[in-house]
Amino acid sequence: GTYVDILAVVTAIHPPADSGAHALQIVEALDENKQLFKIQCHGELQHHGIQLHLNDTPFLVRGLTVLRHAVGNNALVLELTAFSTATQSPRDVSLAEQLADFNTRI
């Protein structure tokens, strides 16, 4: 499979993070080019150690699997894997700079 990393802002979480255990949680996010992503997570994000919140703070998610490529206005559908990580404050200097730069453009 193809793995990707994204810089984006969360626009929706279905079902909401505090609504109890669910088989599938979907995070909708936009990158700086307004590309819509739908990130699928089997079980809740917290169970995978992923903390994403519905706010204006950009985040970096690494190690996502591409399930379905974007066609027209459709979202690129991605899936969290056991190797996926998410952060709003990466330790790597170049990634932190990219995130800060992205934050100034949104």
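Along the sequence shown, residues are numbered consecutively beginning with 1.
- Of the possible donor and acceptor atoms, none in the side chain of Asn33 sits under 3.5 Å from a partner among the backbone N and O of Gln35.
- Tracing side-chain contacts under 4.5 Å through hydrophobic residues (I, L, V, M, F, W, Y), one reaches Leu76 starting from Val27; they form part of the same cluster.
- Cluster membership check: Val10 shares its hydrophobic cluster with Val61, using side-chain heavy-atom separations under 4.5 Å among Ile, Leu, Val, Met, Phe, Trp and Tyr.
- Pairing each heavy atom of Pro58 with each of Gln88, the nearest pair is O-CG, 3.5 Å.
- With rounding to the nearest 0.5 angstrom, the CG atom of Leu60 is 6.5 Å from the OG1 atom of Thr85.
- Among residues two or more places apart in sequence or in another chain, the side-chain contact (heavy atoms from CB on, under 4.5 Å) test is passed with Thr2 by Val4, Val66.
- Grouped by direct or indirect side-chain proximity (heavy atoms under 4.5 Å, Ile/Leu/Val/Met/Phe/Trp/Tyr only), Val93 sits alone.
- Contact between Pro90 and Leu99 at its shortest, heavy atoms only, is CD-CD2, 3.4 Å.
- Side-chain contact check for Leu95 versus Arg62: some heavy-atom pair is nearer than 4.5 Å.
- Note that the CG atom of Leu78 and the NZ atom of Lys38 stand 11.5 Å from one another [nearest 0.5 Å].
- At least one donor-acceptor pair under 3.5 Å links the side chain of Asp5 to the backbone N or O of Gly63.
- With a 4.5 Å cut-off on side-chain heavy atoms, Leu80 and Cys41 count as touching.
- Linking ILVMFWY residues whenever their side-chain heavy atoms come closer than 4.5 Å, directly or via other members, leaves Val9 and Leu7 in distinct clusters.
- Tracing side-chain contacts under 4.5 Å through hydrophobic residues (I, L, V, M, F, W, Y), one reaches Leu64 starting from Phe37; they form part of the same cluster.
- Formation of a donor-acceptor pair under 3.5 Å by the Thr65 side chain with backbone atoms of Thr81 is not found in this model.
- In this structure, Ile6 is a member of the same hydrophobic cluster as Ile13, with clusters built from ILVMFWY side-chain heavy atoms closer than 4.5 Å.
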